[in-house]
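Worksheet: one structure, shown below.
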Number of protein chains: 2
Amino acid sequence: MSESGDDAHPSGIPRPPTVKEVAERAGVSPMTVSRVFAGGANVRPELRTRVARAAAELGYRRNENARSLRPGHKSGLIGVTITNIANPYYAELQRGIEDAAAKANRRILVGNSNEDPALERQLVADFIGRRVEGLIVVPADPAHSEHLSPESVGTTPIVFASRPVPGLAVDTVLVDDVGGAYAATSRLLDEGHQRIAFLGTRTSVLTGQRRLQGYRTAHRDHNVPVYEHLVRTGQQEAAGAERALAELLAHEIAPTAVFSANNRNTLGAIRAIARFRSSVPADSPEVRLIGFDSFEFADLSPVPLSIVAHDPGALGRRAAELLLARIDHPTQTKSAQTVELPVELQLDPRAPE
Amino acid sequence: MSESGDDAHPSGIPRPPTVKEVAERAGVSPMTVSRVFAGGANVRPELRTRVARAAAELGYRRNENARSLRPGHKSGLIGVTITNIANPYYAELQRGIEDAAAKANRRILVGNSNEDPALERQLVADFIGRRVEGLIVVPADPAHSEHLSPESVGTTPIVFASRPVPGLAVDTVLVDDVGGAYAATSRLLDEGHQRIAFLGTRTSVLTGQRRLQGYRTAHRDHNVPVYEHLVRTGQQEAAGAERALAELLAHEIAPTAVFSANNRNTLGAIRAIARFRSSVPADSPEVRLIGFDSFEFADLSPVPLSIVAHDPGALGRRAAELLLARIDHPTQTKSAQTVELPVELQLDPRAPE
DNA sequence: CTGTTAGCGCCTTCAG
DNA sequence: CTGAAGGCGCTAACAG
């Protein structure tokens, strides 16, 4: 057991014990203490126990910061910048990153950029200052990402998760946004829908752009024109999506189906459709809805909801693995790669066909 | 702009530049470089710019780990142990912690204990080794928490979030579990229900125990006996809760109402009730449901769902504030305090009365 | 098997 | 205004 009151000899505040103090108490040199904590090889058993006891009594812990200062040592830290951890999608992403990092005996430093590139820049600078071994970043804004360029981060390896940054040669892990949006939209077109609303985030988020692209390409391939008034971008939160779709449903050229490009927009869409349905005759045709992103409550949705599902945890794990590969082989200058993770179209059992 | 290839003079791998290298390049002493980065007071403007240029060219960043080694300096880190960040509840908790920590210019190290005390112990040991200024812990198991005692963590301040650990004199932030469960159960009893099911986690999670206590006390105060077969604990995930409630609903003494003690159990309860309802005549009486924990989809639930709502973000913020207070006044030995955050019973508009 | 020396990157202290 | 010396905690490398 350790003693409670850590000694505060000279200064006012208590400082954790050091090798030197342990050595003194055990009647040995600091080196011997160091050796014991390094595994105890080449130390007489008697000294070993004496040191162990002294250390326990003082509550000694090796100072990792001091250790990582020595040549050849690394910090064991990975810096993670997420746009908003309160979004369950990113929570799972973080979980995946941490799982993979922990396997490689690394700890993660986490910061929310809140979609603000300036904050993101600060976080990255701070992380580098702490000598993280690598960075995993969900880029807030591709238009303001100079601080994420390989030149800016110097020797620190970096991986982008979930969103690309065009123009930067950096390893990136994405989901198959284009393919998923294409599949979902195609499905709706195949069902005969001609007026399909698109609900998405602001287009500066490239993931949203890619999903819109899939939506457009599907229309083109099916020779169905896109009604531009049905394309609504810029909704970052559910409330905005609900308003946007409510407007569309009240429009004289209303959509008969909806593709929502992320989980926030899907949530708003469900609310809008549910509300709309209670305002029209019960035998009115159902508004079809397919949403991008897995959705824990899909089966409980009051309106049939099909999903373009994918696994954010796997994305995080993959990003961490790419990063760790760069960390372990810093000399190999393999060029930047982009990985696209597959998606799966999960149809609501209530869906037609 | 910085040069790309950082020099790797002696060893094989590239090492980030140091004050010394910047000094050399700028033709000054390391001290001058240090002064410039400390704000540049008492440095001739000309030297200031020369140093700044040299630093930029080399891509120099102050090494915070080395800095924190100096007497009086702290690491600027806070260690956070969460049981499972993939649970949206804890994601918001983390968000709250980080917001408060960032305001105090601290960064957070995060680890998932996965409800495993051994893992938790390792994480805490690691964090202390990195000289975090404080710890915020969601305790995995109160029965195995010696590593969280003030003696074990030495001088590192610690705060428990969301769950208490009886017997340890440690600052703790909780929600009003007992009061919330009492209010919810009382509401159901007041509505005339006599057979109210309880769905909760394993009772080693004390938060679950406290909520069960509120449920029992409400029964006692209303002179209604608790049907023990209706008390089902041990469900950590939604699937288990769904099974448990399905069994109860099929029981000959079936519940007419349900109090579910956390968001996972609520989700399972919704599924069970929805499924059950489709198997009985449409005019059968509704099974009433009140769930603890805020629930983003409450308004979309296919069965009326009232909620004992609270704000996990606020809980995180509060925990961080308590911790920072201890950090800033390490000498003040104010005794450990427990803060209980209020809850609010939010009735579903579809609920009776 | 054990101790001494020296230095990781930085900055406080004290001379110039 | 600038630099030299020394030490924060730890451990390789080299004696003994």
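So you know, we letter chains A, B, ... as the sequences are listed, proteins then strands, and number each from 1.
In this structure a side-chain-to-backbone donor-acceptor pair under 3.5 Å is present from A/S152 to A/E146. Remark: side-chain polar atoms of B/T81 are not paired, donor with acceptor, to backbone N or O of B/E120 under 3.5 angstrom.
Atom CZ of A/R318 has 12 or fewer neighbouring heavy atoms from other residues, nucleotides or ligands inside a 6.0 Å radius.
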B/D99/B/K103 under salt bridge (charged side-chain N to carboxylate O under 4.0 Å, His left out): CA gap, chis, key distance, verdict: CA-CA 6 Å; B/D99 285 349; B/K103 262 184 204 143; over 6 Å; no

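If you check the side chains of B/R95 and A/N114, you find a donor sitting under 3.5 Å from an acceptor.
Remark: A/T32 is in phosphate contact with C/dG3, judged by side-chain N or O atoms under 4.0 Å from OP1 or OP2.
Rounded to whole Å, the distance from NZ on A/K74 to C1' on C/dC8 is 15 Å.
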Sequence-aligned protein contact record of nucleotides 8-16 of chain D, with B where the base is within under 4.0 Å of a protein heavy atom and S where only the sugar-phosphate is: BBBBBB---

